[in-house]
Structure formats: structure tokens, C-alpha cells
Amino acid sequence: MGTLSSLTPTATWFRLDDESSVGTVRRFAVELANAVDLGERKAADIAIIVTELASNLVKHAEDGTLLVRPVRHDDNVGVEIVSIDSAPGMADLDAMREDGRSTTGTLGIGLGAVSRLAHRSEGFSVPGRGSILTAQLWREAQPAPAWADGLTRPLTGETVSGDCYAVRTAGGRRQVMVCDGLGHGPLAAAAAQTAFNIFHTAPDEPPMMLVERMHRGMSHTRGAALTVAEIDPDAAVLRTCGMGNVAATVLTGDERRSTVSMPGIAGHGRAVIKQFEYPFGAESLLVMHSDGVSDKWSLQHSPGLSTRSPLLIAATVLRDAGVRRDDACVLVARIRP
């Protein structure tokens, strides 16, 4: 099913302002590793990975943040860390991953330790714009790379996000959803959680029927804006159905096309629910986000990013276009990982 929604309270963002925050993040990550039963050895590895990434942010980053969250793929579970900084970025990220290279004041083993200990690690850096580093450690063997992934971040000062994303494959259908619960805080999160649960438990059906199902099932919540999209590799099309201001954009080469979402609030009032189709080939990319992310984002400032993992792309869009005065969510999907 992909990663867990960050509606879960164990998915937490940390702002890395000083050295004392490194210990706080490390303790949280080890507690999470123990909670998902990674084992003593892997919990120790998580501690090293988090210490290296967090220390690197404290020493060198501007506006450095670190996300630690549980991840799940079928019955396999793990811990994922996402490191984000806005500047200055690393001139040679590959060199920093070599053993013997170290950022000042860290463990002295460099980012090579992250690559060596993690089941999967990845990075992207543009000097002057910042760096994104990710790492995953799983209880069992690592799963195949994800064809869709995303991130959510709560409004500054809130502990839960009213935004969520979801990924599923049902009856051969590759489907994703982004939901923005109205407002913020626990009531918005409850609306988003309802949409998340309906999406994951619904039978195999197209986006329009899923949206209709969520519209009926969310009447007891404050409501939400949401969009469901389905990638059909055989037909080379994307099918979408949306209510409200969740944005969905198809990128194919230099072409950028926004999809249609109908006005309305899922869960309240009468709604006009329509499904639309768009060309979507092997090189196409789907980027979806809530209104906590400005639509002014562009991948053109990050050459080569569009070919990287959905998680790296989502983290970059969130960093560059996410606003702190609202919950924010970004999801990225493509035909192949």
C-alpha cells in the first residue's frame, strides 16, 4: 500500500536548530524502531543514521527539518527518515557519501554510513537551493521501489495534520488520493482520516465512484477537499475525480497540464461529481497537493529531479512551495518506480 499516512501521531517533524535537538530526534527514532519491532541491531543502525543526518542539518543547513515516520508495505514495516534543508546544498553529494568524508562535528563517518546501514537511501542536491536526503530501514528485506509516495506536514504549532494522502492497488487499479480536511487541527484530521479509511477499504471501483462513496461517508465530519486519481498504464491515461481545491498536475516533458476538480465539499451539500481523462505515458509524472502548497512550484530549477523517486520529488515540492500557515501535503506518482 506504500507508506503510512502521516496522520499517525508517530510521524513527526523536527526542526534542527541546535545540537540538543539531535539527541531528541535520535531518541524518538529509536523508540519508533522499537515500537515497530525492528530489533536491537536495526534500532542501533537507525540511531546512527538519524544522528548523522540531524547533525549535518545543525552544522550546515538553513531551515533544516527532519521527518521520522513508520512505513509499511504489505506485512513488512520499517522506519523512514527524510532530511530537508533550504540552503546551501551540497556541491558533490556523491563524494559526501564516500567513507572518510565527514561533515564537521558529526560522527566522523560521513554520509557513507547512511548508505551503508540503510536498506535504501537517496539524495538530491542543488547548490544554492538545498538538499533532500532519505533513508529507510525495514524489518525484513526491502520492498520494490514505490511508484507513488508523498509527505504531509502540519500547520506550525499543530501536532496533527488535516491533510493526508493514500496509495492503493485494487483489482489491478493504481489509485492515489490527496485529502484536505477543512481547517486544521484534530477535527480536520478526523475528516481526513475518514476519507483515508474509506479509500483503503472501498471495493475495486473507478475514481468517480470512490469520490461518491467518500462524499456519502464523510457527512458526520466537517468535510474536506479531495482528489482521487487512477493511472492506467495499458491505456496510457490518467483518470481523475475531485471536489474542491486539491490540485493535480500532469508533467510530460516540458508540458504541464492541470486537471479539473469540481466545486464542493466532500461530505456536505449536493455535489456534481465528474471524472476526467488525460494522456499519461511512461515518462509522465503526476503531482498532487493540498492548498497548503503554492501552485508556483516548478521542477525546472532542479535538473534531473523528474527522473528520481516520487519521495524525493514530493519533498522538494514541499520544501520549495509549502506554506507554514497551513497543513501541507504533496503526492507524486508515475507508471514505473
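From a predicted model like this one, the values you see are computed outputs, not experimental measurements.
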Exercise. When you look at M218 and L226, which way does the side chain to side chain contact (heavy atoms under 4.5 Å, CB included) test go after all the steps?
Worked result: CA-CA 12 Å; M218 296 176 66; L226 57 85; 4.0 Å; yes
Exercise. Hey, which of H215, R168, R173 is the one that makes side-chain contact (heavy atoms from CB on, under 4.5 Å) with L210?
Worked result: R168
For this session: Taking N76 for its side chain and A141 for its backbone only, find out whether a donor-acceptor pair lies under 3.5 Å.
Result: yes
Exercise. If Ile, Leu, Val, Met, Phe, Trp and Tyr residues are connected whenever their side-chain heavy atoms lie under 4.5 Å apart, and connections chain through other members, are L238 and V228 in the same group?
Worked result: no
Exercise. How many angstroms lie between atom CG of L67 and atom OG1 of T12, to the nearest 0.5 angstrom?
Worked result: 8.0 Å
Exercise. Are side-chain heavy atoms of V58 and L16 found at a separation under 4.5 Å?
Worked result: yes
Exercise. Would a hydrophobic clustering, with Ile, Leu, Val, Met, Phe, Trp and Tyr connected at side-chain separations under 4.5 Å, put F199 with L151?
Worked result: no
Exercise. Taking side chain as C-beta onward, heavy atoms only, is V178 less than 4.5 Å from T227?
Worked result: no
Problem set entry | Any V260 side-chain heavy atom under 4.5 Å of Y278 side chain | yes
Exercise. How many angstroms lie between CG in D295 and OG in S258, if you round to the nearest 0.5 Å?
Worked result: 7.5 Å
Exercise. In Å, rounded to the nearest 0.5 Å, how long is the span from CE of M262 to CE of M208?
Worked result: 12.0 Å
For this session: Keeping the roles fixed (side chain from R139, backbone from G39), state whether a donor-acceptor pair exists under 3.5 Å.
Result: no
Problem set entry | Crowding at CG, D18 (>12 non-hydrogen neighbours, <6.0 Å) | yes
Exercise. Would a distance-only check, ignoring hydrogens and angles, find a side-chain to backbone donor-acceptor pair under 3.5 Å from S261 to G244?
Worked result: yes
For this session: Evaluate side chain to side chain contact (heavy atoms under 4.5 Å, CB included) for M177 paired with M214, printing each intermediate quantity in order.
Result: CA-CA 11 Å; M177 178 194 71; M214 284 185 278; 3.5 Å; yes
Problem set entry | Electrostatic pair D320:R129 at N-O distance under 4.0 angstrom | yes
Problem set entry | Member of I46, I48, L53 meeting the side-chain contact (heavy atoms from CB on, under 4.5 Å) criterion with V50 | I46
Exercise. Distance only, no hydrogens: is a donor on one side chain within 3.5 Å (strictly under) of an acceptor on the other, for W297 and H289?
Worked result: yes
Exercise. Are any side-chain N or O atoms of N56 and backbone N or O atoms of E52, one a donor and one an acceptor, separated by less than 3.5 Å?
Worked result: no
Exercise. Closest heavy-atom contact between A192 and C179?
Worked result: CA-SG, 3.9 Å
Problem set entry | Test item: P70 and L32 side chains (from C-beta on) under 4.5 Å apart, heavy atoms | yes
Exercise. Between E212 and C241, is any pair of side-chain heavy atoms under 4.5 Å apart?
Worked result: no
Exercise. So, the side chain of S83 versus the backbone of L133: is there a donor-acceptor pair under 3.5 Å, distance only?
Worked result: no
For this session: Determine, step by step, whether D85 and R319 satisfy the salt bridge (charged side-chain N to carboxylate O under 4.0 Å, His left out) criterion, reporting the C-alpha distance in whole Å, the side-chain angles of both residues, the deciding distance to 0.1 Å, and the verdict.
Result: CA-CA 8 Å; D85 71 79; R319 181 196 64 192; 5.7 Å; no
Exercise. Is the backbone of E205 close enough, under 3.5 Å, to the side chain of Q175 for a donor and an acceptor to pair up by distance?
Worked result: yes
For this session: Could you tell me the separation between the CD atom of E140 and the NE2 atom of H73, rounded to the nearest 0.5 Å?
Result: 11.5 Å
For this session: Find out if a path of hydrophobic residues (ILVMFWY) with successive side-chain heavy-atom gaps under 4.5 Å connects V114 to V30.
Result: no
Seminar exercise, completed: Of all heavy-atom pairs linking A248 and L286, the shortest is CB-CD1, 4.2 Å
For this session: Would you name the heavy atoms of G185 and V160 that are closest together and state the gap between them?
Result: C-CG2, 3.8 Å
Exercise. Is it true that a side-chain atom of H184 and a backbone atom of L155 form a donor plus acceptor pair closer than 3.5 Å?
Worked result: no
For this session: Please confirm whether the backbone N or O of L331 pairs with a side-chain atom of Y165, one donor and one acceptor, at under 3.5 Å?
Result: no
For this session: Kindly indicate whether the side chain of R239, heavy atoms from C-beta on, has any atom under 4.5 Å from the side chain of P206.
Result: no
Seminar exercise, completed: Note: M243 and A271 closest approach over all heavy atoms is CE-CB, 3.5 Å
Seminar exercise, completed: On a heavy-atom basis, the closest approach of P186 and E158 is CD-OE1, 4.5 Å
Seminar exercise, completed: All heavy atoms of F124 vs all of L312, minimum pair found to be CB-CD1, 4.0 Å
Exercise. So L117 and K42, side chain to side chain contact (heavy atoms under 4.5 Å, CB included) or not? Walk me through it.
Worked result: CA-CA 9 Å; L117 295 175; K42 289 179 181 177; over 6 Å; no
Problem set entry | Between CZ on residue R256 and CD on residue Q300, distance to nearest 0.5 Å | 8.5 Å
Exercise. Say you draw a straight line from CD of E19 to OG1 of T24; how long is it, rounded to the nearest 0.5 Å?
Worked result: 11.5 Å
Exercise. Mind checking whether D149 and V167 have side chains closer than 4.5 Å, heavy atoms only?
Worked result: no
Exercise. Is it the case that one hydrophobic cluster holds both I273 and I198, taking links as side-chain heavy atoms less than 4.5 Å apart, direct or via other members?
Worked result: yes
Exercise. With no hydrogens and no angle check, is any side-chain donor or acceptor of R222 less than 3.5 Å from a backbone partner on L182?
Worked result: yes
Exercise. S161 and D163: side-chain hydrogen bond (donor to acceptor under 3.5 Å, both in side chains), yes or no, with the steps?
Worked result: CA-CA 5 Å; S161 175; D163 291 356; 4.8 Å; no
For this session: Evaluate the criterion side chain to side chain contact (heavy atoms under 4.5 Å, CB included) for residue pair I231 and F280; output intermediate values, then yes/no.
Result: CA-CA 8 Å; I231 295 174; F280 197 87; 3.8 Å; yes
For this session: Would you please test R336 and E283 for salt bridge (charged side-chain N to carboxylate O under 4.0 Å, His left out) and show each step?
Result: CA-CA 9 Å; R336 58 172 181 250; E283 304 305 317; 2.7 Å; yes
Problem set entry | Sub-4.5 Å side-chain heavy-atom contact between P203 and M209 | no
Problem set entry | Donor-acceptor contact present, side-chain R334 to main-chain S306, <3.5 Å | yes
For this session: Consider only side-chain heavy atoms of I, L, V, M, F, W and Y, link residues closer than 4.5 Å, and tell whether L66 and F28 are in one cluster.
Result: yes
